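Notes to accompany the following structure.
Letters A, B, ... are given to chains in the order of the sequence lines, protein chains preceding strands, and every chain is numbered from 1. In this text, all values refer to a predicted model and were calculated from it rather than measured experimentally.
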Number of protein chains: 2
Amino acid sequence: MGYQETIPGVVRGEVTGTQCIRRSFAILRLLAGGDHDGEKLVDIAGALKLSHPTTHRILKALEQEGIVERAGGSQRYRLGAEAAWLGVGPFNRCPITRLSAIVLEDLAQATGDSIFLSVPSHNDAVYADRRLGNWPVQARGVHVGARRPMGVSVGGRVMLAHLGEARMKTVLAENADRFADWNCPMDQVLRGIEDTRAQGYLVDDSLTRQGRRAMAVPVRDVGGRAIGAISIIAPTARLGSDRVARLLPLLREGARRVGTALFEQRMAS
Amino acid sequence: MGYQETIPGVVRGEVTGTQCIRRSFAILRLLAGGDHDGEKLVDIAGALKLSHPTTHRILKALEQEGIVERAGGSQRYRLGAEAAWLGVGPFNRCPITRLSAIVLEDLAQATGDSIFLSVPSHNDAVYADRRLGNWPVQARGVHVGARRPMGVSVGGRVMLAHLGEARMKTVLAENADRFADWNCPMDQVLRGIEDTRAQGYLVDDSLTRQGRRAMAVPVRDVGGRAIGAISIIAPTARLGSDRVARLLPLLREGARRVGTALFEQRMAS
DNA sequence: GGAAAACTTCCACATTTCGGAAAATCCGTA
DNA sequence: TACGGATTTTCCGAAATGTGGAAGTTTTCC
C-alpha cells in the first residue's frame with residue numbers, strides 16, 4: 001500500500017507528513033484549470049493517480065469546507081465560493097495584477113485585441129488578468145483563473161524560457177504527459193522556448209482555438225527572471241509579421257512598465 | 001494524544017479521514033482574517049488548539065504549495081499569491097459580487113460614505129467588496145477579504161438574524177470564545193440580532209474603530225435567508241437617527257436589487 | 001549582549017488515512 | 001421508461017502517515 005509520489009528526475013519538496021495537503025491542492029489546481037462545468041471524480045482520480053475512495057474522501061472534505069462545490073445539481077466538482085473569499089485578500093494585495101491593470105487596459109485600447117497577463121503557478125500558467133479589446137472577435141472563452149500546463153500557451157513558453165535552466169527542465173519533465181491532452185507536441189514547446197530566447201518574444205498559432213494566433217513577451221523582475229507574461233490573442237490574419245513588428249514595442253513597453261512598477265513597489269514596502 | 005475537535009452541542013460534519021484538511025483550512029481562514037503583516041506560529045497554534053510541531057508542519061506544507069507565504073523576510077505567515085490564483089476564477093464567476101458591484105458604487109456615490117458587502121463564510125463574516133465614498137473620512141483600514149467572527153460587525157449580526165435559528169445558535173456557540181478578542185460582549189450581539197429581527201436593519205457603534213458608527217441591511221435570497229449584508233460605515237456624527245431614516249430606503253433598495261438580480265441570474269443558468 | 005520567546009528538528013507511537021472490494025447510484029441510450 | 005455500463009459511495013482491515021512531547025536552535029526583544 002502507500003501511494004508514493006515518484007516523479008522521475010525531480011526531488012519534490014522535503015516536507016513530510018503532509019501527503020493529503022499536497023493531494024488536496026493538486027486537486028484544487030486541477031479544478032481551477034477545468035471549465036465551469038466541473039470535473040468528474042474518475043477524471044480527477046485518473047489525472048492525479050489517486051484511488052477513487054481517496055479522491056472521494058478528499059473532495060468531500062473540501063466540499064464541506066466550501067472550497068469545492070458541485071456544479072448544478074450534483075456529480076461534477078469545481079472550485080467553490082470559499083476559494084474566492086480566501087483569495088480575494090491576496091489578490092487585492094498582489095502587486096502584479098494591480099500594477100498591470102492599467103497596462104493591460106492601455107494595450108487593449110491601443111490594439112483592439114484581447115490582452116492577457118499570465119503568471120506561473122507550480123507547473124501551470126494561470127491567466128491572472130484579461131482585457132478584451134473592441135475588435136469584434138474576442139477571446140471570451142478564456143477566463144481569468146484558467147490554467148494551462150506551462151508550455152502549452154505562448155505565455156507559458158515565454159515564461160519557461162526565462163525561468164532558469166533547472167526549473168525549466170523540471171517543469172517540462174513534469175508536464176510532458178499533460179501536453180498530449182492539449183495536443184501540443186513537445187518539440188513545438190522546445191522550439192518556442194528557443195525562439196523566445198533568440199528574439200525575446202514569441203508568436204505562434206493557438207493550439208486551443210482554430211484560426212487564432214498569439215504573441216507574448218515576458219514580464220521580468222530585476223534579475224531578469226520571468227514573473228509573468230503579457231500576451232495578445234487575435235485572428236491569425238491580424239497577426240501577420242508586419243503587425244507583429246508594430247505590436248512588439250507596445251507589448252515590450254507594457255511588460256517593462258509592469259516590471260519596473262513592481263520593482264519600485266518592492267522598494268517602497 | 002490525538003487532537004479531537006470537540007465543540008459542545010455541535011455535530012461537526014460527518015466526514016472522517018480528513019483531519020489535516022480541516023486543520024489546514026482552519027489555518028487558512030485564520031490567516032485570511034489577520035492583517036497583512038501575518039500571524040505568528042504560536043498564535044495560530046494557540047488559537048486553533050494545535051501543537052506547535054503540527055502547526056509548523058502544516059504551515060510548511062502550505063507554504064510549499066504557495067498558499068501561504070511569509071511576510072517580509074521571515075517568521076510571520078499570511079496568505080500567499082497561490083490563494084489569489086485559485087480564487088480569482090470563482091470570484092469572477094461568483095454572482096453576488098458581480099451583481100453588487102454597481103449597487104455598491106451607486107450607494108457610495110449617493111451617500112459619500114464607505115459601503116461594504118459582507119458574506120458568511122463558516123463562522124466568519126467576510127468583506128467581499130468595498131466602495132469608498134468621497135467623504136474625507138474613509139474606511140481604508142478595512143480591506144476586502146478581511147474577516148470578523150460573525151456577530152462582531154453589524155453586517156455579521158444582521159446575517160446571523162436571518163440565518164435560521166439552528167445555524168445561528170451553532171455560530172454563536174462556536175464564536176463565543178472569539179468575541180472576547182474583539183471586545184465584543186455576547187449580549188450586545190444578541191441584542192443586535194433581536195433589533196435586526198424587529199426593525200429589519202441594525203445601527204451600532206463600531207467595535208473596531210472609535211468614533212465610527214455602522215448600519216447594515218440583509219441581502220436575502222428568495223427564501224428570505226441572508227446570503228450577505230450591505231453596510232455603511234461613517235463617523236458617528238454622520239449616522240444620527242435622522243440620517244439613518246433617510247439612508248434606510250437606499251440601503252434596502254440596494255439589497256433588494258442584489259437579491260433580485262441574483263435570483264434572476266440563478267433562473268437563467 | 002543576554003535572556004526569554006519563538007521556531008524547528010527528532011523520534012517512538014497510534015491515530016488517521018489508505019485503498020481493495022463490493023454495494024448503491026447515476027446517466028446515457030434505446 | 002426501462003435497461004446496463006459507468007461512476008460514485010460505503011465498508012473495513014491494515015499500515016503508513018501524521019502526531020506531539022522533549023530537546024535543540026534561532027530569533028526577537030529588552
Is the number of heavy atoms from other residues, nucleotides or ligands within 6.0 Å of CZ (B/Arg225) greater than 12?
no
Closest to the [X] side chain, choosing from [options]:
X	options	value
B/Val42	D/dT9, C/dA6, D/dG20	C/dA6
A/Thr54	C/dC18, C/dT9, C/dT17	C/dC18
A/Gln75	D/dT7, C/dC26, C/dT8	C/dC26

Between [X] ([atom1]) and [N] ([atom2]), how many Å, whole number?
X	N	atom1	atom2	result
A/Leu50	D/dT9	CG	P	16 Å
A/Lys40	D/dT8	NZ	C1'	11 Å
B/His52	C/dA6	NE2	C1'	8 Å
B/Lys60	C/dC7	NZ	P	14 Å
B/Arg57	C/dC7	CZ	P	16 Å

With a 4.0 Å cut-off on heavy atoms, is A/Arg70 in touch with a base, just the backbone sugar-phosphate, or nothing at all?
sugar-phosphate
Look at B/Glu69 together with B/Arg78 and state whether they make a salt bridge at an N to O cut-off of under 4.0 Å.
yes
Toward the 5' end of DNA chain C, which comes first, A/Cys20 or B/Pro53, by nearest nucleotide?
B/Pro53
Name the residue closer to the 5' end of DNA chain D, choosing between A/His56 and A/Ile21 according to the nucleotide with the nearest heavy atom.
A/His56
Determine to 10° how strongly the helix from C/dG1-D/dC30 to C/dA30-D/dT1 is bent, judged from the axes of its five-pair ends.
80°
